[in-house]
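Notes follow the structure.
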Amino acid sequence: MGFPTIRPRRLRATPELRALVRETNLSPGDFVYPMFFNAALDAPRPIGSMPGIDQQPVSAARELAKAIKARGVGSVILFGLPKTKDDRGSTGLDPDGPVPRAIAEMKSAVPELVVMADVCVDEYTDHGHCGILRQRPGSKKENDWEVDNDATVEVLAKMGVLFAKAGADVVAPSDMMDGRVAAMRAALDAEGFQNTSLLSYAVKYASAFYGPFREAADCAPKFGDRAGYQMDPANGREALREAALDEAEGADMLMVKPALSYLDVIKDVRAHSNLPLGAYNVSGEYSMLHAAADRGMIDRDRAMMEVLTSIRRAGADFILTYHALAAAELLGA
Ligand code: PBG
């Protein structure tokens, strides 16, 4: 006999020991539940590519708010499907649009629920891009479009104020235009909304994993892609530049999106910023897990908890996830 064997397995012997030495814990309070409000609906409409997730009518907002709170989930983020769309996303600025109405309903039903609103024009533009388009300056080609950053930022600032007026606690720009955090903060402050928080989708990649969302929010771009404004999945250092810019511009919280292919990025941003950090466990990540579980390839509940735990372990304080209600139930809330 030489040295005694070092035995990490000693601490894995019982559930109680494992609980004692567990480094990462999940709680329903860590989750933000994404929801889709469709102005044209009277009843929920299932989203084919996202099992268990529906587009909702605004009339359901009150009861949904109560049900979500009852599960122990304290936060939601709202997306809107308007009745009509145009090239400038005008219905995104309609005070009677689905998001302002749903915010007001949810806040009046459950005042303590943290209601976040996604701020982006893609849900409201007929072309589906996250910005106002203009003819590329100097181009002689017909229909040679580019996203007009600064014109888009003006609309985003108005949209943020609109959602704040409706009662949103947090406005969350997801467009990836430059300078929008500063512009939105200034607009909110000028209108008296100093206490409305700004969660920036600071680090958002041009990802294939948004596929099901584009059905959910009916916002697939009609031409081209989003690579001119969302980040290249190959870039890690650029994430730190984006995060630092949004922090300097006044963001209260940062987000990395998607989560699973970007756990390294979550860890890096966590190490470089002391702001609260969220991660978006996006639609494709959700649907992939369900598709595999439906075919009996993986255990749905175990895979779900493993995914959520890994996102927290990487350094996210909170997780935007379609699993929120199911995971909260498993956690026994
Ligand atoms: C844009 C937006 C998108 C998502 C959230 N906000 C889609 C996109 O950028 O194409 C994706 C969320 C998901 O996939 O779950 N407003």
Side-chain angles (χ1 to χ4, degrees), residues 31-38 47-55 76-82 85 89 91-93 97-99 116-132 147 152-153 155-156 159-160 163 168 170-177 180 184 199-233 242 254-262 278-291 304 307-308 311 316 318-325:
F31 304 144
V32 181
Y33 186 52
M35 305 179 73
F36 303 96
F37 283 99
N38 184 337
I47 299 163
S49 55
M50 299 181 71
I53 306 293
D54 296 340
Q55 292 177 0
V76 294
I77 184 162
L78 308 190
F79 297 90
L81 291 90
K85 305 189 182 202
T91 46
L93 297 179
V99 170
M116 308 186 175
D118 181 89
V119 176
C120 189
V121 297
D122 71 330
E123 295 139 61
Y124 307 98
T125 51
D126 51 13
H127 47 70
H129 277 287
C130 299
I132 309 299
V147 168
T152 304
V153 167
V155 177
L156 298 170
M159 201 184 286
F163 294 162
V170 180
V171 291
S174 64
D175 51 284
M176 291 300 277
M177 296 303 117
R180 94 278 212 209
M184 288 180 67
L199 163 62
S200 176
Y201 287 67
V203 180
K204 177 172 176 181
Y205 287 92
S207 172
F209 293 102
Y210 307 149
F213 177 94
R214 294 181 183 172
E215 177 198 343
D218 184 29
C219 64
K222 299 284 179 295
F223 57 86
D225 59 31
R226 302 204 201 286
Y229 38 101
Q230 299 179 348
M231 283 176 54
D232 182 342
E242 285 282 6
L254 302 176
M255 192 205 298
V256 172
K257 174 184 176 185
L260 293 182
S261 296
Y262 302 90
Y280 202 141
N281 176 211
V282 298
S283 57
E285 298 171 339
Y286 173 88
S287 300
M288 223 163 39
L289 190 153
H290 274 270
M304 171 174 78
V307 158
L308 295 171
I311 297 168
F318 57 93
I319 308 170
L320 291 81
T321 179
Y322 305 96
H323 294 301
L325 300 186

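All ligand and atom numbering here is 1-based and tracks the order in the structure. Values reported hereafter were calculated over all heavy atoms of this structure, with side chains retained and with hydrogens, waters and symmetry mates removed.
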Among protein heavy atoms, which sits nearest to [atom], and what does the distance come to when rounded to 0.1 Å?
| atom | result |
| --- | --- |
| atom 12 (C) of ligand 1 | F213 CD1, 3.2 Å |
| atom 2 (C) of ligand 1 | K204 NZ, 3.2 Å |
| atom 10 (O) of ligand 1 | R214 NH2, 2.5 Å |
| atom 11 (C) of ligand 1 | K257 NZ, 2.9 Å |

For ligand 1, the portion of [X] having any non-hydrogen atom under 4.0 Å away:
| X | result |
| --- | --- |
| Y286 | neither |
| D175 | neither |
| S283 | both |

Can F79 and F213 be said to form a ring pair (Phe, Tyr, Trp, His ring centres under 6.0 Å), step by step?
CA-CA 10 Å; F79 297 90; F213 177 94; 5.0 Å; yes

Check ligand 1 against [X] and write out every atom of the ligand that is under 4.0 Å from a heavy-atom position of the residue.
| X | value |
| --- | --- |
| Q230 | 8 (C), 9 (O) |
| S174 | 1 (C), 2 (C), 6 (N), 16 (N) |
| C120 | 16 (N) |
| D118 | 6 (N), 16 (N) |
| D122 | 1 (C), 16 (N) |
| E123 | 16 (N) |
| Y322 | 12 (C), 13 (C), 15 (O) |
| Y280 | 12 (C), 15 (O) |

Salt-bridged, D126 to K222, with N to O below 4.0 Å?
no

Answer yes if the ring centres of H323 and F31 are under 6.0 angstrom apart, and no otherwise.
no

Please name all residues satisfying salt bridge (charged side-chain N to carboxylate O under 4.0 Å, His left out) with D118, sequence neighbours left out, ordered by chain then number.
none

Exceeds 12 heavy-atom contacts within 6.0 angstrom, atom CZ of F209
no

Tell me whether the NZ or CZ atom of K257 lies within the 45° cone about the ring axis of Y210 and under 6.0 Å from its centre.
yes

Would you compute the distance between atom NZ of K204 and atom CD of E242 and round it to the nearest 0.5 angstrom?
12.0 Å

Distance (rounded to the nearest 0.5 Å) between E285 CD and I311 CD1
6.0 Å

My understanding is that only residues two or more places apart in sequence, or in another chain, count here; which of them pass ring pair (Phe, Tyr, Trp, His ring centres under 6.0 Å) with Y280?
none

Without swapping roles, check the side chain of H127 against the backbone of H129 for a donor-acceptor pair under 3.5 Å.
yes

